[in-house]
Amino acid sequence: MAWRRGKLEGLRSHGWDFPNDFKRSCDADGTEHTAALLQARYGDWEKAALEAEGLRVTLAGRLMNRRGPFLVLQEGSGSIQFYLAKGAEDGLRDTVAQWDIGDIVAGTGTLEKSGKGDLYLNLTEARLLTKALRPLPDQYYGIADTELRYRRRYLDLIMNEASRDTFRVRSQVVSAVRRFLEERRFMEVETPMMHVIPGGAAAKPFVTHHNALDMPLFLRIAPELYLKRLTVGGFERVFEINRNFRNEGLSTKHNPEFTMLEFYWAYADYRDLMDLTETLLRGLCEQVLGTTTVTYQGTVLDFAKPFARLTVPEALLAYTDISAAAVQDPAALAARLQGQGVKVASSWGLGRLQFELFEAEVEDKITDPVFLTQHPTEVSPLARRNADNPELTDRFELFIMGREIANGFSELNDPEDQAERFKAQVALLDEGDEEAMHYDADYITALEYGMPPTAGEGIGIDRLVMLLTDAPSIRDVLLFPHLRPKAADGPDPI
RNA sequence: GGGCCGUUAGCUCAGCGGUAGAGCAGUUGGCUUUUAACCAAUUGGUCGAUGGUUCGAAUCCAUCACGGCCCA
């Protein structure tokens with residue numbers, strides 16, 4: 001580093017000062033030349049034909065490696081080499097000799113092809129654009145230290161093609177989801193991130209304070225109650241892709257801020273949502289990966305097959321050794337749950353006991369996509385009751401590889417029932433359940449004006465991207481995952 | 001919150017009670033159609049932090065910090 005600072009001093013004394021006037025060469029129609037464009041266009045040309053063409057190109061990028069007279073350049077679209085011929089003039093040789101690995105450099109030369117078939121620019125002009133003061137990590141091993149990869153994501157992106165690909169896939173997923181919904185006449189909206197009353201999910205919120213109004217505000221745990229107000233307002237198909245914040249622990253599946261898609265669809269029910277979700281996921285695999293076969297951590301998943309749809313008791317029978325009689329017997333379920341180390345509350349009804357057993361014994365065993373349906377009303381305070389059994393709801397959760405990917409239901413649009421459900425939640429809150437919901441009087445007022453029959457769903461974008469990129473941790477799909485700050489996390493002198 | 005594992009040069013790692021090591025990167029020189037380029041020489045360290053045991057600690061013990069995996 002001291003050496004490089006010295007070089008920078010030398011460059012400055014010769015008038016070099018982080019130039020900002022560089023432009024890449026272009027076609028006559030203005031198409032900018034990039035490594036990927038040149039590879040695609042000229043990669044197949046014969047060496048002699050290419051040299052006869054004598055195409056002069058100007059490119060810039062980060063100097064990644066020197067191999068004899070070749071300099072490996074990495075830019076946004078890919079890589080290409082510069083070549084410094086033995087007979088090059090002294091000024092050019094001196095300029096290139098000043099370069100260090102990691103510098104951002106520019107060069108002009110004719111596009112040629114090596115004996116092994118790689119394209120390169122035979123340099124005639126060169127200039128330094130940005131001096132790198134810090135050396136790059138090991139060329140071959142890259143950075144293996146996960147902590148360093150997360151804390152200095154820029155280094156991870158410079159060094160690891162796989163990491164760059166993950167975030168490209170993430171961008172494509174979000175973009176494809178938007179396109180999918182817009183094609184179906186859904187409208188993207190933005191609702192508040194700061195809530196006076198946290199709502200829409202069972203989770204502990206982050207609290208902040210508004211100085212001018214001298215009141216607490218909560219970072220949203222879900223946008224649900226605001227999006228449903230919009231369906232009351234007459235926007236029949238709305239969606240939002242944005243961050244939620246939950247004040248919970250960190251794990252390979254949890255980050256305090258994470259990205260959710262939520263969408264609401266008037267005159268649809270939870271079965272329509274399941275159909276739409278299957279179509280969406282299948283299409284995403286095809287568009288982003290080019291196949292409906294996804295390998296996640298060694299397990300092959302086929303998204304082309306219809307997704308299983310199982311009620312909670314059906315899932316228990318399918319995935320555990322429990323008997324048909326025991327599934328309907330509260331005492332047997334409670335005993336089994338206690339055997340699993342679950343603290344069973346006396347207030348739990350049959351549906352809740354079944355659902356808790358699902359979470360304890362089945363969730364982790366699921367590999368291929370499974371829609372779990374008809375959750376107990378007790379754990380679904382915003383979902384419509386099932387017409388045949390008011391203890392259950394018209395709800396589903398989609399599980400893939402043991403993880404909840406989506407959650408949706410026919411919306412509860414009966415204001416009186418919703419008010420009762422809120423009251424039951426407030427009772428839990430008063431008992432000390434920090435994840436229970438608050439009573440949202442304005443939301444009840446909205447329902448009293450009338451919400452059309454509607455179905456709504458949330459899809460965890462981070463977990464979806466994990467599946468599609470074979471990422472074992474949510475931190476691998478977040479550019480800047482939350483980490484505990486380090487005491488010495490200031491500027492570090494090398 | 002609990003258990004296990006880890007933290008040594010810019011990066012990847014070895015060393016596990018007796019003088020702090022290797023490869024890559026860096027520096028100097030050579031080589032000029034290389035592909036983890038190669039050859040020669042060479043610089044570089046508060047062994048995560050603090051305390052303890054010991055004649056002697058990177059190494060053993062304790063506490064703390066940060067990270068990873070598993071569990072709640």
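Just so you know, these numbers use all the heavy atoms, side chains as well, and skip hydrogens, waters and symmetry mates.
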Side chain of A:D118, heavy atoms from C-beta onward: which of B:U32, B:U35, B:U27 has the nearest atom to it? B:U35

Using Watson-Crick or G-U wobble geometry with both distances below 3.5 Å, tell me the partner of B:U35, or none. none

Side chains of A:T299 and A:Q297: any donor to acceptor distance under 3.5 Å? no

Could one point to a donor on the side chain of A:D138 or the base of B:G10 with an acceptor on the other under 3.5 Å away? no

B:C66, B:U33, B:U12: which one has an atom nearest the side-chain heavy atoms of A:A144? B:U12

Taking the C1' atom in each of B:C61 and B:A20, what is the distance between them to the nearest angstrom? 23 Å

Distance between the C1' atoms of B:U59 and B:G52, in whole angstroms? 15 Å

Report which part of the nucleic acid A:G249 touches: base, sugar-phosphate, or nothing (heavy-atom distance under 4.0 Å, all strands). nothing

Rounded P spacing from B:G44 to B:U33 in Å: 35 Å

Report yes if at least one side-chain N or O of A:R67 is closer than 4.0 Å to OP1 or OP2 of B:A37; otherwise report no. yes

Of the options B:U32, B:U27, B:U34, whose atoms approach the side-chain atoms of A:K7 most closely? B:U27

Looking at B:A37, B:G26, B:U27, which one has an atom nearest to any side-chain atom of A:R4? B:G26

Distance, C1' atom - from B:C47 to B:G21, rounded to whole angstrom: 12 Å

A:G349 and A:E378: which non-hydrogen atoms are nearest, and at how many Å? N-OE1, 3.3 Å

If we take the P atom in both B:G23 and B:U43, what is their distance in whole Å? 13 Å

Indicate, with a heavy-atom threshold strictly under 4.0 Å, whether A:K116 touches base, sugar-phosphate, or nothing. base

If B:G18 has a Watson-Crick or G-U wobble mate with both distances under 3.5 Å, name it; if not, just say none. B:C55

Any luck finding a side-chain donor-acceptor pair between A:T108 and A:T58 under 3.5 Å? yes

Pairwise C1' distance, B:G1 and B:G10 [rounded to whole Å]: 37 Å

Considering Watson-Crick and G-U wobble pairs with both distances under 3.5 Å, what does B:G23 pair with? B:C11

Scanning all shown strands, the Watson-Crick or wobble mate of B:C69 with both distances under 3.5 Å is B:G3

Out of B:G26, B:G67, B:C69, minimum distance to the side chain of A:I101 belongs to B:G26

Salt-bridge test for A:R336 and A:D321: reply yes if a basic N is under 4.0 Å from a carboxylate O, no otherwise. yes

Need the pair for B:G45. Rule: Watson-Crick or G-U wobble, both distances under 3.5 Å, any strand; none if unpaired. none

Under 4.0 Å from OP1 or OP2 of B:G10: is there any side-chain N or O of A:R134 that close? no

Assign A:P137 to base, sugar-phosphate, or nothing according to its heavy-atom contacts below 4.0 angstrom with the strands shown. sugar-phosphate

Any donor-acceptor pair under 3.5 Å between the side chain of A:Y120 and the base of B:U33? yes

CD of A:Q98 versus C1' of B:U28: gap in Å, rounded? 15 Å

Side chain of A:D100, heavy atoms from C-beta onward: which of B:C66, B:U27, B:G68 has the nearest atom to it? B:U27

Kindly point out which of B:C69, B:A36, B:U34 is positioned nearest to the side chain of A:N65? B:A36

Between A:R93 and A:R66, just flag the one whose closest nucleotide in RNA chain B comes earlier from the 5' side. A:R93

How do A:G115 and A:I143 order along RNA chain B: which one's closest nucleotide is nearer the 5' end? A:I143

Under 3.5 Å, is there an N or O donor on one side and an acceptor on the other linking the side chain of A:Q81 and the base of B:U34? yes

Taking the same atom, C1', in B:G45 and in B:A25, what whole-Å distance lies between them? 16 Å

For B:G67, does either OP1 or OP2 sit under 4.0 Å from a side-chain N or O belonging to A:R151? yes

Taking all atoms of both residues into account, what is the closest heavy-atom pair of A:A360 and A:L337, and its distance? CB-CD2, 4.4 Å

With a 4.0 Å cut-off on heavy atoms, is A:R149 in touch with a base, just the backbone sugar-phosphate, or nothing at all? nothing

Which pair of heavy atoms, one from A:Y296 and one from A:P472, lies closest together, and at what distance? OH-CA, 3.7 Å

Would you check if there is a donor-acceptor pair between the side chains of A:E257 and A:H482 at a distance under 3.5 Å? no

Check every strand shown and say whether A:T146 touches a base, only sugar-phosphate, or nothing at a heavy-atom separation below 4.0 Å. sugar-phosphate

